[in-house]
Every structure is written in structure tokens, then in C-alpha cells.
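Take a look at the structure below.
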Amino acid sequence: MALAPKPKDFPRIRGALKFYQVASIITGVLLLLLCVEMLLKYTPLGLEVELGGRNGLLALVPDGTVTAVNLSTGILIVHGWFYVVYLFSDFRLWSLMRWPFLRFILIALGGVIPFLSFFLEGRIAREVKTYLATREAELAKNDTVEASH
């Protein structure tokens, strides 16, 4: 028999789901920015994104010639650290929902495979909300039946 979330954890699950949804969207956007940055830098274009340099507020400059803030490196660092937050949100939701370990791994891949976090965010949110609504209706029905006896 598969483990099921405990009814006393339902409010915590809702909070964990909201945290996961926010982390998923932010991580997905940062991953897409990182992909664009990698394409600019590691293709024949050989460009980096510079913030506040002599070429204006935001400029594409040849690789290795950044004189101000290297936004390319910034995107890399921010995505890396936010991926840790995303993994924490994944772990929190996964543990409260008592899902199999492979589900944790699948969700974790959302932070490193472009667009997957957006797809999973919608799917996971629907699944968790449906599960909670169904279980709460069953519990309310059982409470009503027990009260009538």
C-alpha cells in the first residue's frame, strides 16, 4: 500500500505547493536566460552580456571584453543558487505528499531541462489540488456519516 499524506499536513502541503510553484517559475525563467546566455557565448557569436559598461546600460560585447558587470556570469550564479531553493521546494512538497523517490528526481530535472519546470508546475499543481480536494471531501463525508450514527 502506498503511503498517503496525513490530513493534518494538508495546510502545510498547500503552503509547500505555493512555494514550489513560485520557485518553479523563477527557476524556469532563469534557466531560459541561462540557455540564451550560453548560446550567445559558446556559439560562433562569442558574446557576453554587459551591464552598465561604456556601451550603454545593457550591451552585448565580445567574450572576454566585459569591463563592467558581467551579466552572463550573474545569470549563471543566480540560477545555480536558485536551483538549490527549487530543490528544497521540490523536497518539501515531495516529502509531505509522500511520493516515490523517482517523482522527486523528475521534479528536480525541471530546474535543468528547459521548459520542463513550466510543464511540471502546472501538472503538479493540478494533481495536488485535485488530491487535496478529493481527500477533504472524503473526510468530510466520513465525519458526516460518523456524526449521524
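Predicted model only: the values in this text are computed from it and were never measured.
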Roughly how far apart are Leu109 CG and Asp90 CG, rounded to 0.5 Å? 9.5 Å
Is there a chain of hydrophobic side chains (I, L, V, M, F, W, Y, each step under 4.5 Å between heavy atoms) that links Val78 to Phe88? yes
Leu93 and Val84: same hydrophobic cluster, using ILVMFWY side-chain contacts below 4.5 Å? no
Not counting sequence neighbours, which residues clear side-chain hydrogen bond (donor to acceptor under 3.5 Å, both in side chains) with Asp63? List them please. none
Here the pair of heavy atoms bringing Ala16 nearest to Arg92 is CA-NH1, 3.4 Å
Tell me whether the rings of Tyr20 and Tyr86 are parallel (<30°), tilted (30 to 60°) or perpendicular (>60°). tilted
Side-chain donor-acceptor pair present, Asn70, Glu48, cut-off under 3.5 Å: yes
Ile13 and Phe10, any side-chain heavy atoms less than 4.5 Å apart: yes
Indicate the atoms forming the closest heavy-atom contact of Phe104 with Leu87, along with that distance. CE1-O, 4.1 Å
Are Leu60 and Glu50 close enough that some pair of their side-chain heavy atoms sits under 4.5 Å apart? no
Parallel, tilted or perpendicular: which one describes the rings of His79 and Tyr83, with boundaries at 30° and 60°? parallel
ILVMFWY network linking Leu120 to Leu17, side-chain heavy atoms under 4.5 angstrom: yes
State plainly whether the residues Lys129 and Glu136 are in salt-bridge range, i.e. N to O under 4.0 Å. no
Closest heavy-atom pair and its distance - Leu58, Leu51: CD1-CD1, 4.2 Å
Less than 4.5 Å apart, side chain to side chain, heavy atoms only: is that true for Phe118 and Val29? yes
Donor-acceptor contact below 3.5 Å, side chain Thr27 vs main chain Ala23: yes
The reported gap from CG in Leu40 to SG in Cys35 (rounded to nearest 0.5 angstrom) is 11.5 Å
Would you say Leu33 ends up clustered with Phe119 if hydrophobic residues are merged whenever their side chains have heavy atoms under 4.5 Å apart, either directly or through other cluster members? no
What distance separates Thr130 OG1 from Arg126 CZ, expressed to the nearest 0.5 Å? 8.5 Å
Can you check side chain to side chain contact (heavy atoms under 4.5 Å, CB included) on Leu76 and Met38, steps first, answer last? CA-CA 9 Å; Leu76 177 71; Met38 293 293 187; 4.2 Å; yes
Can you sort out the partners of Phe91 under ring pair (Phe, Tyr, Trp, His ring centres under 6.0 Å), two or more places apart, ordered by chain and number? Trp94
Just so I know, are the side chains of Leu34 and Leu30 near enough to count as touching, which here means a heavy-atom distance under 4.5 Å? no
Using a strict cut-off of less than 4.0 Å between a Lys/Arg side-chain nitrogen and an Asp/Glu carboxylate oxygen, indicate whether Arg103 and Glu127 qualify as a salt bridge. yes
Does any non-hydrogen side-chain atom of Tyr131 lie less than 4.5 Å from one of Pro5? yes
If we only count heavy atoms from C-beta on, is the Lys6 to Arg98 side-chain gap below 4.5 Å? yes
Taking 4.0 angstrom as the limit, do Arg12 and Asp9 come out as a salt bridge? yes
Shortest non-hydrogen contact from Ser117 toward Ser24: O-OG, 2.9 Å
Flag the pair Leu32 / Pro114 as yes when at least one side-chain heavy-atom distance between them is below 4.5 Å, and no otherwise. yes
Would a hydrophobic clustering, with Ile, Leu, Val, Met, Phe, Trp and Tyr connected at side-chain separations under 4.5 Å, put Ile124 with Phe115? no
